[in-house]
Protein chains: 2
Amino acid sequence: MKQATIRKAFETFLREHSLKLTPQRMRILDRAFETHEHFTAEELYGWLRDEGGSSVSRATVYRTLSMLVDGGFLESLDSGRGELLYEHVMGHRHHDHLLCIDCGKIEEFTDERIEALQKEVCEARGFELVDHDLRLQGYCRSCSLKRTRENKKRPDPLNVQAERERSAGASTDGGGGKSARRSLGRGGAAKSAARKSKR
Amino acid sequence: MKQATIRKAFETFLREHSLKLTPQRMRILDRAFETHEHFTAEELYGWLRDEGGSSVSRATVYRTLSMLVDGGFLESLDSGRGELLYEHVMGHRHHDHLLCIDCGKIEEFTDERIEALQKEVCEARGFELVDHDLRLQGYCRSCSLKRTRENKKRPDPLNVQAERERSAGASTDGGGGKSARRSLGRGGAAKSAARKSKR
DNA sequence: GTGGTTGCAAAGACTTTGCACGCTA
DNA sequence: TAGCGTGCAAAGTCTTTGCAACCAC
């Protein structure tokens, strides 16, 4: 695609920040924009390694990815499954996500009305909105159909959810268990960056 | 508050799942519901340790917290700062979050209109919504005012870095863009559970 | 009694960092 | 040439797991 434009923007970015243009950084940038899916640092590292060519170390991948996020070239997203996903942001404007808790597929969408309401909520509270992150979790069309068909086969995290509704008196809408996938045992962890600012 | 109700629900939950009622579990449940803020597993562990009384091991805290999430007593939330936060969910209905990227404060809110639109978006795509997670990041009222007063820089979408770089030395931090806290230094990690499902 | 639990410490997963050398500007 | 950037491996952080002793039911 307009890879040239992106490279240019990247070069400008580097220059403005007295950062150097290295083949590793360029390769990471290119590969990141070559994918129109979400990927993890580890995955990108794997691609670069498998595709041969000049090698790029894992550390450089992490460092560069982090830099690209800071520069606004990429955006990071917590999949909610314990992985930090990246996606390029130039070109297609901000969007929110639909994550299938069954097959893991990620769909994107945007809705101006929702965005507008978010701003409204913030303004009403004197909150200065900088960014937002909306994740809708559930079953994508195909997984949903599959479930309906099989009718009986519940994703069965441990079917704790069903009980929950009842015992917890989880009132209102059956908006179910957010923890569908993290059943017992392996709970979930999720950390990321910035522990430094953790006070 | 209605701690009795909660304990009862918990006991029922345990019974229904052939799980045992142990003093550790009870203590963790109580402490979790005693707090009306968000907390991390590590924090809860610290409280229990510092407050004396029968000891509870770190592993048990993690295990129980995970169980409480599965049971629908708690909900987990990725603060976006690399920590997995927990909060009790009984009583107060679902809500979304406003996270201050400066002071770290977390505010909660709900907006039926946004919820409705989310459902609409899903229906239009044949997506079966199970749960959602909306996080608005920015500056809370007080931090926003403080910034205005100090006439701080604007959070440039793409050049947040320039400022960041500079303020990095002077610290005091003025807060930058979304990734303000991520840049150099110790980022963080991001892992979790469900790694098993990571193909 | 018996099987679920707890504790401890070791194992894991993902990401960052220290250091010495290489390469960009 | 002067530094920034890279690679490597070790260090970190938060969380999970193996296992033997324990305890609730």
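Letters A, B, ... are given to chains in the order of the sequence lines, protein chains preceding strands, and every chain is numbered from 1.
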Chemist: For Leu65(A) and dT6(D), give me the distance from atom CG to atom C1', rounded to whole Å.
Modeler: 16 Å
Chemist: Please report, rounded to the nearest Å, how far the C1' atom of dG12(C) is from the CZ atom of Arg58(B).
Modeler: 16 Å
Chemist: Minimum heavy-atom separation for Ile28(A) and Val61(A), please, with both atom names.
Modeler: CD1-CA, 3.7 Å
Chemist: If you assign each of Val56(B) and Ser18(B) to its closest nucleotide in DNA chain C, which residue comes earlier from the 5' end?
Modeler: Ser18(B)
Chemist: Is the distance from OP1 or OP2 of dG5(D) to the nearest side-chain N or O of Arg25(A) less than 4.0 Å?
Modeler: yes
Chemist: Generate the contact string for nucleotides 19-25 of chain D. Rules: B means base contact, S means sugar-phosphate contact only, - means no protein heavy atom under 4.0 Å.
Modeler: -----BS
Chemist: To the nearest Å, how far apart are Leu14(A) CG and dC23(C) P?
Modeler: 19 Å
Chemist: Under 4.5 Å between any side-chain heavy atoms of Glu37(A) and Glu87(A), yes or no?
Modeler: no
Chemist: Could you state the atom-to-atom distance from OH of Tyr45(B) to C1' of dT13(D) in whole Å?
Modeler: 16 Å
Chemist: Taking Arg31(B) first and then Glu34(B), would you say they form a salt bridge - that is, a charged N and a carboxylate O separated by under 4.0 Å?
Modeler: yes
Chemist: Calculate the interatomic distance between Leu84(B) atom CG and dC14(C) atom P; express it in whole Å.
Modeler: 16 Å
Chemist: Rounded to the Å, how far apart are Leu48(B) CG and dG7(C) P?
Modeler: 10 Å
Chemist: Show the nearest heavy-atom pair for residues Val89(A) and Gly72(A), with the distance to one decimal.
Modeler: CG1-O, 2.9 Å
Chemist: Provide, to the nearest angstrom, the distance between the CD atom belonging to Glu43(A) and the P atom belonging to dC14(C).
Modeler: 10 Å
Chemist: Just compare dG7(C), dT15(C), dT6(D) and give me whichever is closest to any side-chain atom of Ser55(B).
Modeler: dG7(C)
Chemist: Same cluster for Tyr86(B) and Leu48(B) if Ile/Leu/Val/Met/Phe/Trp/Tyr side chains link at under 4.5 Å?
Modeler: yes
Chemist: Picking from dG7(C), dT15(C), dG7(D), which would you name as closest to the side chain of Ser57(A)?
Modeler: dG7(D)
Chemist: Using OP1 and OP2 only, check whether a side-chain N or O of Tyr62(B) sits under 4.0 Å from dT15(D).
Modeler: yes
Chemist: With His97(A), which residues qualify under ring pair (Phe, Tyr, Trp, His ring centres under 6.0 Å), at least two apart?
Modeler: His38(A), His95(A)
Chemist: Please state how far atom CZ in Arg27(A) lies from atom P in dG7(D), giving the value in whole angstrom units.
Modeler: 10 Å
Chemist: Output a table of donor-acceptor pairs, distance under 3.5 Å, between side-chain atoms of residues 122-129 of chain B and any protein atom two or more places apart or on a different chain; print 'none' if there are none.
Modeler:
| unit_1 | atom_1 | unit_2 | atom_2 | d |
| --- | --- | --- | --- | --- |
| Arg125(B) | NH1 | Glu107(A) | OE1 | 2.8 |
| Arg125(B) | NH2 | Glu108(A) | O | 2.7 |
| Glu128(B) | OE1 | Ser144(A) | OG | 2.7 |

